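These notes are about the structure you will find just below.
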Protein chains: 2
Amino acid sequence: MEQLKHKILTEGRLLDGFVLKVDNFLNHQLDVELLDAMGAEFARRFAGVKIDKILTIEASGIAVAAMAARHFGYPPVVFAKKTQSLNLDADAFETEVYSFTKQQVYKVRVSRRYLKPGERVLIIDDFLAHGHATRGLIDIVKQAGAEPAGVGIVIEKGFQGGGKLIRDAGVRLESLAVLKSIADGKIEFA
Amino acid sequence: MEQLKHKILTEGRLLDGFVLKVDNFLNHQLDVELLDAMGAEFARRFAGVKIDKILTIEASGIAVAAMAARHFGYPPVVFAKKTQSLNLDADAFETEVYSFTKQQVYKVRVSRRYLKPGERVLIIDDFLAHGHATRGLIDIVKQAGAEPAGVGIVIEKGFQGGGKLIRDAGVRLESLAVLKSIADGKIEFA
């Protein structure tokens, strides 16, 4: 998606020359008009694919998934929760995910109320690197007896292997921008 | 907002007869079409008010704020973060908020990059009860030298006093649904 690549190149920041920060439009401040265009692009790429529900994970995936839902005919959007809230049903599907960002393992939970057997679920997230979070969501979808209809990612770090793991698992992956490399403060797209 | 009140009455669940759960359309599963209608209603209520930016707090406020932004001409949406992420700038505005839900004090942070002096900021959140989170966001807006242009809330628990504290502070508050009471498993709107 050229509009996204341009945004990454003009507004993304590289920490230490290799950590891409897109806090200014995706992870802390949101460019909702761009998110809406991303949603339209996901709908274009998954045209003809039956989607009953969209699943994402808090926090940065929520806005992307919500805007995408507009372009998929408003299916319910469910966001997986990373922490145990007293207000979340104890009766939940659960998996563990390792976060490189926070350097810790955290639990991801989705109430059994909101994923049902046979549902075709589109998984949407902001980043795909090693794929731990995305594979955790696929695991939860399968625990529910639902079917991963595909994975839509905003920015895939193509050099960190997560994408290959998902494709090898037979799940269709569509990333709006795939980074080939980040080196010496320079971003290259695949 | 009648559509919202109807949704609360038909799909909200009461735990122990007095805890309202709207996980099925606002806090875990999202009815994005309804959120879009909420955004339009916020825009109608704040018509003529200059809004430079929308500020919300993760996680449940994000989708509401993002959909609202569509109806305010796509101002940047910033979501305050509840936990310290290694990827969040250390140079941030910070305040402490007590959560009755989680029965703990947590830190709320917004990068100094995304709130600037003089900006008129609309604060959007899903719930207003005792008002701790909302007042924390107002505090952060003021720390930035910005101006709270108003507060837009989806569901205000009118019997828990948060709304009065915000109005008494001279900040305009618009709640789409105000609960007068929840008793004996019965919801009454103001």
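Here is the naming used below: chain letters follow the sequence lines, and residue numbers restart at 1 for every chain. Here the structure is a predicted model, which is why all the values come from computation and not from measurement.
A single hydrophobic cluster is seen to contain both A:Phe25 and A:Leu9, as judged by linkage of ILVMFWY side chains at heavy-atom distances under 4.5 Å, directly or through other members. B:Leu26 and B:Val178 fall into different hydrophobic clusters, where Ile, Leu, Val, Met, Phe, Trp and Tyr are joined by side-chain heavy atoms under 4.5 Å apart, directly or via other members. By the criterion of side-chain heavy atoms lying less than 4.5 angstrom apart, applied directly or through intervening Ile, Leu, Val, Met, Phe, Trp or Tyr residues, B:Phe189 is grouped together with B:Val154 in one hydrophobic cluster. At a threshold of 4.5 Å between side-chain heavy atoms, the hydrophobic network of Ile, Leu, Val, Met, Phe, Trp and Tyr places A:Tyr106 and A:Ile123 in one connected group. When hydrophobic clusters are built by joining Ile, Leu, Val, Met, Phe, Trp and Tyr residues whose side-chain heavy atoms come closer than 4.5 Å, directly or via intermediates, A:Val64 is grouped together with A:Leu20.
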Exercise for review: Any chance you could lay out the side-chain contact (heavy atoms from CB on, under 4.5 Å) test for A:Arg70 and B:Met67, step after step, and finish with the verdict?
Suggested key: CA-CA 10 Å; A:Arg70 298 185 56 238; B:Met67 298 309 288; 3.5 Å; yes
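In summary, of the residues considered (A:Leu115, A:Val77, A:Val78), a side-chain contact (heavy atoms from CB on, under 4.5 Å) with B:Gln29 occurs for A:Val78 alone.
For a residue to count as touching a neighbouring chain, one of its non-hydrogen atoms must lie under 4.5 Å from one of that chain's; by this rule A:Asp36 touches chain B with the side chain only.
The two atoms that bring A:Ala63 and B:Ile62 nearest to each other are CB-CG2, 3.8 Å, heavy atoms only. Closest heavy-atom contact between A:Val32 and B:Ala69: CG2-CB, 3.9 Å.
A donor-acceptor contact shorter than 3.5 Å links the side chain of B:His28 to the backbone of A:Phe79. Within the 3.5 Å criterion, the main-chain N or O of B:Asp31 finds no donor-acceptor partner in the side chain of A:Tyr74.
Within residues 166-173 of chain B, no residue has a heavy atom under 4.5 Å from a heavy atom of chain A.
Of the inter-residue distances, the one linking A:Asn24 atom CG with B:Arg113 atom CZ reads 8.0 Å to the nearest 0.5 angstrom.
Taking chain B as the reference chain and counting heavy-atom pairs below 4.5 Å, the highest number among A:Asn27, A:Leu55, A:Ile54 is found for A:Asn27.
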